[in-house]
Number of protein chains: 2
Amino acid sequence: MSSTNAVASDEIGSNAQRERRERILDATIALASKGGFDAVQMRAVAEQADVALGTLYRYFPSKIHLLVTALAREFERAESTLATRTISGDTPADRVISVLRRTTRGLQGDPHLTDALTRAFMFADKSAAQEIHAVGMLLTRMLTRAMHPGTDEVSDDDIAIARVIGDVWLSALVAWVTGRSTAEETAAHMERAVRLILR
Amino acid sequence: MSSTNAVASDEIGSNAQRERRERILDATIALASKGGFDAVQMRAVAEQADVALGTLYRYFPSKIHLLVTALAREFERAESTLATRTISGDTPADRVISVLRRTTRGLQGDPHLTDALTRAFMFADKSAAQEIHAVGMLLTRMLTRAMHPGTDEVSDDDIAIARVIGDVWLSALVAWVTGRSTAEETAAHMERAVRLILR
DNA sequence: TCTAGAAGTGAAACGTGTTCCTATTATGTC
DNA sequence: GACATAATAGGAACACGTTTCACTTCTAGA
């Protein structure tokens, strides 16, 4: 580390710094999982991670950065787990729906965490563009792999399709976490959208 | 009005109450238009509308309710203006794109207002479901009318298509107001999505 | 080993959404 | 017109994200 800059996500610090960073992200996920966006209070995160409030802000410049970074880490783990499985389904639409169903079910199994991460995603501004983009790439890869398993050739259309499905997914998640639609409605809407787009 | 309930949106109060309500919404739009979500500060709204802070909260239980209600009013006005025009374009996709372009341009002409209203929309929870639903219906009607001008017969597929386009639109707006994509990228993404869905 | 600068601590303080409370003013009923 | 009740004003107070600052501890290089 040089100068007075904060500890950026892609720089390598000392072991102590890496551990602090992980502790902070762990505390964030734990609090989010227990009580959602509102429960991730900066003082509480600092206390649970055993760092001072000022230190927390040195590592993450805002609550949104903190949550989006935590989201990216969780998403990466989930995606790498998913990547080891074979995807069931005979058509691209079936496989995409299968993947989305599994992922959506995972999210709905931890509603508070989903609430926190979804809201953070929606509130993230330009300064978190890098993390947001990383998540978007993971999602795109996940969906294109479901559409064309076994190949790495991805057309522009495929990417556009993946983005549209991602958009619908995000909107559906927002509607779900804000209590405006049920889990069943969310799933049904997603499935319907995929069949419309991939017919 | 009876008992100690607040002044609900669909109940009819006295003239003074209606006028206060309108003044509050006017102040909200004015402040949002000048400085976006952050500039809509409850104390500032109260002052500009010439009501006490407590009164503001009696009319609208939260900043989100306030903004979503203001959004619904603006959207209704815009939609009724749009409804009087004939829509250009030879295919459903062309007409939908034409409508979205005009509307998106309108929003982008007042970025601060769009910022405030988009963020409010994303943050709205169940207690604002009614207002959110009203906006969704307006959007659906706008899009189905663009797809099939002159008829009122709307299939389930048409509604599903309109919802998907609405979802993509919302995601694109969020990306735009948070500075993660430019106006041009937003427009291009929307157009591409519509052509994918309505091909 | 010594030392300068970076990193961390602990706590106070500020801004804004939200709540609460008391005094004052409208409003509708007899 | 007098009264009961609802509505409003005015402002204090609280919660949480964020900033700031003085002080202490760690760490890397001479």
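Numbers restart at 1 for each chain; the letters A, B, ... are given by sequence-line order, proteins then strands.
- Backbone-only contact: B/D50 has heavy atoms under 4.0 Å from sugar-phosphate atoms and none from a base.
- Taking atom CZ of residue A/R20 and atom C1' of nucleotide C/dG8, one finds them 6 Å apart after rounding to whole Å.
- Distance, A/Q17 CD to D/dT27 P: 9 Å, rounded to whole Å.
- By the 6.0 Å and 45° rule, B/R18 does not stack over the aromatic ring of B/Y59.
- Nearest-nucleotide positions on DNA chain C place A/L56 closer to the 5' end than the other of B/A16 and A/L56.
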Sugar-phosphate atoms are those with a prime plus P, OP1 and OP2; base atoms are the rest. Using that split, label each nucleotide of nucleotides 12-18 of chain C B, S or - for protein heavy atoms under 4.0 Å, 5' to 3'.
-B--BBB

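- Applying the 4.0 Å criterion to OP1 and OP2 of C/dG8, one finds that A/Y59 has a side-chain N or O inside that range.
- Atom C1' of nucleotide D/dC16 and atom CG of A/L66 are separated by 14 Å, given to the nearest angstrom.
- In this structure, the CZ atom of A/F60 is 12 Å from the P atom of C/dG8, given to the nearest Å.
- Between the B/R180 side chain and the A/K126 main chain, no donor and acceptor come within less than 3.5 Å of each other.
- Judged by the 6.0 Å and 45° rule, A/K63 forms a cation-pi pair with A/F37.
- Put simply, CZ on B/R58 is 16 Å from P on D/dG10, counting in whole angstrom units.
- Note: CD (A/E47) to P (C/dA11) measures 12 Å, nearest angstrom.
- Heavy atoms from other residues, nucleotides or ligands lying under 6.0 Å from CG of A/D157 number more than 12.
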Before giving the answer on side-chain hydrogen bond (donor to acceptor under 3.5 Å, both in side chains), spell out for A/H189 and A/S181 the whole-Å C-alpha distance, their side-chain angles and the decisive distance to 0.1 Å.
CA-CA 10 Å; A/H189 177 52; A/S181 68; over 6 Å; no

Verdict with reasoning, A/R119 to A/M122, per side-chain contact (heavy atoms from CB on, under 4.5 Å):
CA-CA 5 Å; A/R119 285 180 125 101; A/M122 311 269 38; 5.6 Å; no

